[in-house]
Amino acid sequence: TDLAQIIYKLGPAMINNNITRLVVEGCCLGVPEATFLFNNLPDVMEELWISCEHDGEDVLDDDIMAECIPSLANCTGMRKLKFNGLNLSTNSCAALGAVFPRMSA
């Protein structure tokens, strides 16, 4: 099964079923999938763990992650956040710094 299809089907289910924990591990997450996933995280999300491997051309970079991260501000119940393999750097870390205070509000 294609990861993109799973992520696109998962979006409404996460919101409608109050999913609070999501682990995405050992996958290749492209730009469209990452954008869709981050934009559809429910505000009740408590744990998010994304660990990716990138072998293709559609690789996430610091700027893309910096655009995705602000949607985490809606996840005010977030307790655990773990990113691995998402190419975080200056811009995405600055975005996280701006989001953390809003997540704990």
Side-chain angles (χ1 to χ4, degrees):
T1 304
D2 184 14
L3 177 64
Q5 292 175 356
I6 293 170
I7 287 179
Y8 294 132
K9 289 180 182 179
L10 189 62
M14 285 193 313
I15 294 169
N16 295 332
N17 295 311
N18 292 328
I19 292 177
T20 60
R21 183 173 186 258
L22 179 64
V23 175
V24 179
E25 182 178 15
C27 66
C28 182
L29 193 62
V31 175
E33 295 85 17
T35 303
F36 183 84
L37 180 65
F38 275 79
N39 286 339
N40 286 282
L41 290 173
D43 56 358
V44 295
M45 183 65 65
E46 295 176 1
E47 295 181 35
L48 178 61
W49 176 13
I50 301 176
S51 180
C52 292
E53 302 167 4
H54 295 284
D55 295 327
E57 297 176 14
D58 202 13
V59 178
L60 302 175
D61 65 20
D62 184 45
D63 291 330
I64 293 165
M65 290 308 303
E67 291 177 17
C68 291
I69 288 170
S71 63
L72 292 174
N74 297 328
C75 303
T76 56
M78 187 72 72
R79 292 186 210 160
K80 294 182 181 180
L81 182 63
K82 185 175 183 179
F83 294 144
N84 185 30
L86 296 181
N87 299 321
L88 302 181
S89 191
T90 307
N91 294 332
S92 49
C93 288
L96 280 170
V99 166
F100 284 149
R102 295 188 296 179
M103 287 170 58
S104 64

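Please read these numbers as outputs of a predicted model, since none were measured by experiment.
- Between C75 and P42, the closest heavy-atom pair is SG-O, 3.5 Å.
- Looking at heavy atoms from C-beta onward, W49 lies out of side-chain contact with K80 at the 4.5 angstrom threshold.
- Note on residues 34-44: no pairs pass side-chain hydrogen bond (donor to acceptor under 3.5 Å, both in side chains), not counting sequence neighbours.
- There is no path of hydrophobic side-chain contacts, each under 4.5 Å, that joins L37 to V44.
- Here the closest non-hydrogen pair linking P70 and A66 is CD-O, 3.1 Å.
- Checked against T20 for a side chain to side chain contact (heavy atoms under 4.5 Å, CB included), the options E46, R79, M45 give a single hit: E46.
- Rounded to the nearest 0.5 angstrom, L88 CG and D61 CG are separated by 10.5 Å.
- Scored by the side chain to side chain contact (heavy atoms under 4.5 Å, CB included) test, R21 finds V23, E47 as partners (sequence neighbours excluded).
- Here the side chain of S71 pairs a donor or acceptor atom with the backbone of F38 at under 3.5 angstrom.
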Using residues 89-101 as the side-chain source, report each donor-acceptor pair under 3.5 Å to any protein atom, sequence neighbours left out, with the distance given to one decimal.
residue: N91; atom: ND2; partner: D62; partner atom: OD2; Å: 3.4
residue: N91; atom: ND2; partner: D63; partner atom: OD1; Å: 2.6
residue: S92; atom: OG; partner: D62; partner atom: OD1; Å: 2.5
residue: S92; atom: OG; partner: S89; partner atom: N; Å: 2.9
residue: S92; atom: OG; partner: S89; partner atom: O; Å: 3.3

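- Put simply, the side chain of V31 reaches to within 4.5 Å of the side chain of L60, judged on heavy atoms.
- When all heavy atoms of L86 and M65 are compared, the closest pair comes out as O-CG, 3.3 Å.
- When every heavy atom of M78 is checked against every heavy atom of L72, the shortest pair comes out as CE-CD2, 4.3 Å.
- Between the CG atom of N74 and the CZ atom of R102 there is a distance of 8.0 Å, given to the nearest 0.5 Å.
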